[in-house]
Amino acid sequence: MRRWSWPAARCSSALLTYAFPLAAFLLLLAITTVLLRGPLDRNREAFGCLVGGILVSILGDLAFDLVLLETGERTASWTDAVYMLSYLLLIASAELYWRRPQPRGWTAADQEPRPQVLSPLPYLAAGAVFWLLVANGVHPWSDPVSGLVVGATVVTLVMVIRQVVAVRQNVRLLEENAAREGEARFRSLVQNSSDVIILVDAEARITFVSPSASRVLRYDPAGMVDSSLFTLIEPDDRPRAEAFFREATLSRGVSAPAEWRFQQPDGAPLHAEVIATNLLADPIVSGIVLNTRDISERKRFEQQLLHQAFHDPLTGLANRALFRDRVDHALKLAKRQRHTITVLFLDLDDFKKVNDSFGHGEGDKLLVLAAERFRSCARAADTVARLGGDEFAILIEDSTGPEEQQALIERLTSSMAQPFMLSGNEVFVTASVGIAAAVAGETVSEVLRNADTAMYAAKRAGKGRFEAYASQMSSDVRHRLELERALRRALEKGELVLHYQPIVSLASGVMTGVEALVRWEHPQFGHLLPQHFIPLAEETGLITRVGSWVLHEACRQVGRWRREYPALRLTVAVNLSGRELHENNIVDDVRVALEETRIDPDALVLEITESVLMQETPTVLERLRQLKALGVQLAIDDFGTGYSSLSYLQRFPIDILKIARPFIDEVGSGPEKSALARAIIGLGETLKLRTIAEGIENQAQVTALLELGCNMGQGYHFSTALTATQLENALAARGFPSPPTLMVI
Ligand code: C2E
Ligand code: MG
Ligand code: MG
């Protein structure tokens with residue numbers, strides 16, 4: 001038991017005694033401030049117990065001190081029970097924190113404004129001080145210290161509570177402010193996003209739509225709320241969208257992008273890419289966020305690319321890839337349903353001439369016009385394709401039989417019989433058509449190859465006709481393919497050789513020139529004449545390479561002979577095929593050959609058959625003028641065998657007429673049989689052209705021709721075509737092997 005002496009000892013003892021509850025208040029303030037600076041973790045009960053425990057402990061201290069002041073001694077009294085209560089509250093607080101840790105986060109309730117019930121506290125404190133003063137004035141205290149202590153304690157308590165409340169409010173305000181700023185930022189992002197943000201609940205009901213929905217989806221965003229997401233989606237895409245949504249609700253986080261078509265108010269589809277973010281567990285969002293982007297532009301571009309990949313850009317028809325795919329599909333279907341399919345291959349005849357004569361622009365126009373005609377002839381179910389160049393194809397599916405096929409052929413025939421208008425001219429263009437019906441078990445490649453083979457057969461049979469595939473056509477084609485390969489090789493391996501047939505003066509028998517005639521020394525088939533490979537070379541385009549080689553070789557050879565036998569002033573005649581004349585580079589090729597071999601241009605004669613000149617196109621005329629401008633001589637070969645319109649003889653810059661062998665055969669068998677040869681020679685004289693008789697086989701013909709006024713000729717009577725060495729030997733010996741009448745100066 002303690003005894004205190006008044007006033008000094010008692011006063012210091014009282015101050016020390018009251019220092020305990022005061023310290024406890026300060027502790028309470030500190031703890032509360034620390035707790036309030038961090039969030040409460042929504043564990044209010046635990047926090048309440050903690051604060052309550054400390055408060056009860058302060059009350060215990062105060063009660064203990066009052067008892068001590070009154071009685072002057074420490075007794076084990078009811079104040080111990082107060083302390084016990086305070087400890088129980090502290091233990092309960094710890095227990096609550098331990099058992100129920102709460103997740104951090106804000107709820108809507110947290111953000112609601114609360115009435116500030118404790119705001120009159122400062123006034124209460126001031127009131128308490130005045131109340132003490134008044135109380136002391138009315139009933140002056142016997143022990144002023146105890147009254148002052150009680151007053152100071154009450155004021156401090158009120159101030160502490162006020163401070164606690166102020167700190168809490170401060171913290172709340174700061175947090176609310178931060179939350180508001182964040183929310184404003186996100187709202188602005190959502191409002192101004194070009195993507196549409198759709199928030200749906202777990203049942204796919206729309207709870208929020210960003211304003212961009214009015215621009216992208218053309219719906220009023222407010223009107224979309226509460227409707228089901230799936231009602232906005234194209235019916236065909238709904239099952240996919242539902243599956244995607246189910247998946248999104250089950251998995252957490254962000255989904256992979258999916259593509260659906262939304263149905264706009266006017267029914268037009270809108271391609272969109274959707275990414276779902278599952279925020280069902282997020283208390284603020286509690287839904288699935290669908291980030292929706294308009295991808296119509298990308299889709300259009302993709303579709304354009306797809307169309308380009310499977311269509312011919314010029315005519316808009318299916319291309320080879322799509323055609324093959326359709327045939328493949330049709331073959332499979334035909335196998336199951338046991339019907340036949342038919343493929344037609346159509347190739348425009350002499351398309352190259354149209355290109356060369358009218359230019360590529362008109363050539364393209366012809367392709368477009370032909371494509372339109374083919375399309376209009378075919379049925380809607382048939383596939384019309386352009387396979388490349390001037391090659392088209394038609395697939396007839398579900399063929400109803402030969403009648404339907406025949407009807408199509410008739411439609412195509414009458415359609416192609418109409419002229420095409422090109423550069424203001426009416427141009428008639430034919431097509432060679434190959435027809436192949438698929439036999440069971442055939443592959444796409446086989447069917448297409450058969451149709452192609454039949455088309456080539458139609459071309460060879462005279463163009464502008466239809467040919468149905470027959471199995472022996474394939475072996476012809478194989479043979480031709482082999483020959484083509486071999487001819488390419490022949491050029492590389494030097495298997496082509498030139499023979500030279502002398503052209504002589506009929507009166508003197510003197511050789512004035514030679515005609516270069518190509519031969520192929522085939523390693524397997526031996527000595528091949530031009531008729532066995534020149535038509536193939538013309539068909540495949542190899543004639544350009546063959547012709548170029550002949551031209552250079554003939555020029556080189558005549559150059560040599562001119563240097564060795566300058567007095568003869570030999571000329572060399574080179575045959576040009578029609579196709580060569582249509583090639584762009586023929587003029588350059590002749591110029592180069594002349595320059596390289598340094599021969600006089602008049603040493604070269606270019607022979608062009610009459611039938612080529614008959615296709616009187618601006619290109620042919622222009623080419624002939626350019627060739628003539630180089631200084632070379634031009635001859636019409638086999639004159640009289642074409643369907644001559646004599647008017648062209650005046651227009652074309654021709655120097656020589658070579659009278660075809662059939663007319664010469666007749667010469668020497670009597671005057672009436674020579675009538676045609678006489679007419680041709682007379683024509684030559686009128687037009688100031690030299691005439692050369694071809695295929696002279698006897699002296700009677702020579703005599704008759706001289707009488708008719710033809711001075712030059714060639715034929716077996718003088719010499720067959722000789723190799724360069726044979727001809728050189730003859731020149732060296734100043735004579736020809738047979739007949740001995742021939743002379744060389
Ligand atoms: P062509 O230009 O009319 O050549 C004359 C053809 O008649 C040659 O046949 C020649 O051997 C033949 N011949 C000459 N004299 C007589 C005769 O007295 N009696 C008979 N029965 N025939 C005679 P070849 O060499 O078979 O040439 C045939 C055709 O091939 C040539 O007719 C020519 O159009 C073409 N040709 C030949 N070489 C070439 C060439 O290098 N390029 C081109 N594009 N065509 C060529
Ligand atoms: Mg000739
Ligand atoms: Mg001839």
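Below, each value reflects all heavy atoms present in this structure, side chains not excepted, and no hydrogens, waters or symmetry copies. Note that ligands are numbered from 1 as they come in the structure, with each ligand's atoms numbered from 1 the same way.
- Note on Arg556 versus Glu553: salt bridge recorded, some NZ/NE/NH1/NH2 to OD/OE distance being below 4.0 Å.
- Counting the atoms of ligand 1 from 1 in the order shown, those under 4.0 Å from a heavy atom of Ile696 are 18 (O).
- With no hydrogens or angles considered, a side-chain donor-acceptor pair links Asn575 and Glu515 at under 3.5 Å.
- For the ligand labelled ligand 1, residue Val546 lies outside the 4.0 Å heavy-atom shell.
- At a cut-off of 3.5 Å, with distance as the only test, no side-chain donor of Asn319 or Arg324 sits close to an acceptor on the other residue.
- Using a 4.0 Å cut-off between charged side-chain N and carboxylate O, Asp312 and Arg320 make no salt bridge.
- The Mg ion (ligand 2) has no N, O or S atom of Thr609 under 2.8 Å away, backbone or side chain.
- In terms of protein heavy-atom proximity, atom 26 (O) of ligand 1 is closest to Pro530 CD, 3.5 Å.
- In the vicinity of Ser577, heavy-atom distances shorter than 4.0 Å reach the ligand 1 atoms 44 (N).
- Nearest to atom 32 (O) of ligand 1 among the protein's heavy atoms is Asp637 OD2, 4.6 Å.
- Looking from atom 31 (C) of ligand 1 to the surrounding protein, the closest heavy atom is Leu517 CD2, 4.2 Å.
- At a threshold of 4.0 Å, the pair Lys353-Asp356 does not count as salt-bridged, since none of the basic side-chain nitrogens sits closer than that to a carboxylate oxygen.
- The nearest heavy-atom contact from the protein to atom 42 (N) of ligand 1 is Asn575 O, 3.4 Å.
- For Glu607, the N/O/S atom at the shortest distance from the Mg ion (ligand 2) is named OE1.
- Ion pairing between Glu484 and Arg488 holds under the 4.0 Å rule for side-chain N and carboxylate O.
- Distances below 4.0 Å separate heavy atoms of Glu607 from the following atoms of ligand 1: 2 (O).
- Within the 4.0 Å heavy-atom shell around ligand 1 one does not find His499.
- Within Asp638, the N, O or S atom at minimum distance from the Mg ion (ligand 3) carries the name OD1.
- With a 4.0 Å heavy-atom cut-off, ligand 1 is reached by the side chain of Glu515 but not by its N, CA, C or O.
- Not a single protein heavy atom sits closer than 4.0 Å to atom 7 (O) of ligand 1.
- Checked for salt-bridge contact, Arg449 and Glu442 miss the test: no charged N lies under 4.0 Å from a carboxylate O.
- Closest protein heavy atom to atom 16 (C) of ligand 1: Tyr716 CE2, 3.4 Å.
- At the shortest separation from atom 19 (N) of ligand 1 among protein heavy atoms lies Glu697 OE2, 2.7 Å.
- Ligand 1 has no nitrogen or oxygen under 3.5 angstrom from a nitrogen or oxygen of Gln531.
- Across every non-hydrogen atom of Gly464 and Thr430, the tightest pair is CA-CB, 3.6 Å.
- The shortest separation from a heavy atom of Glu538 to ligand 1 is not under 4.0 Å, leaving the residue out of contact.
- The shortest non-hydrogen separation linking Asn584 to Arg623 is OD1-NH2, 3.1 Å.
- Close contacts of ligand 1 with Gly715, meaning ligand atoms under 4.0 Å from a residue heavy atom, involve 15 (N), 18 (O).
- For Asp602 and Arg569, the salt-bridge test passes: some basic side-chain N is under 4.0 Å from an acidic carboxylate O.
- Of the protein's heavy atoms, none falls inside 4.0 Å of atom 29 (C) of ligand 1.
- For the residue pair Glu495 and His522, no side-chain donor N or O sits within less than 3.5 Å of a side-chain acceptor on the partner.
- Centred on the Mg ion (ligand 2), the OE2 atom of Glu515 and the OD2 atom of Asp637 lie at an angle of 180°, reported to 10°.
- A salt bridge is absent between Lys352 and Asp390; no separation between the charged side-chain nitrogens and carboxylate oxygens falls under 4.0 Å.
- Proximity of the aromatic rings of His527 and His532 is defined here by a centroid distance below 6.0 angstrom, and this criterion is not met.
- Nearest non-hydrogen protein atom to atom 39 (C) of ligand 1 is Val518 CG1, 3.7 Å.
- Test Lys459, Arg465, Arg460 against Asp349 for salt bridge (Lys or Arg N to Asp or Glu O under 4.0 Å) and you get one pass: Lys459.
- Of the protein's non-hydrogen atoms, the one nearest atom 15 (N) of ligand 1 is Gln501 NE2, 2.9 Å.
- Residues Gln714 and Lys658 bring a donor and an acceptor atom of their side chains to less than 3.5 Å of each other.
- Distances from the Mg ion (ligand 3) show that Glu694 has an N/O/S atom below 2.8 Å.
- Using a 4.0 angstrom heavy-atom cutoff, Gln714 does not count as in contact with ligand 1.
- Remark: ligand 1 and Glu694 share an N or O pair separated by less than 3.5 Å (distance only, no angle test).
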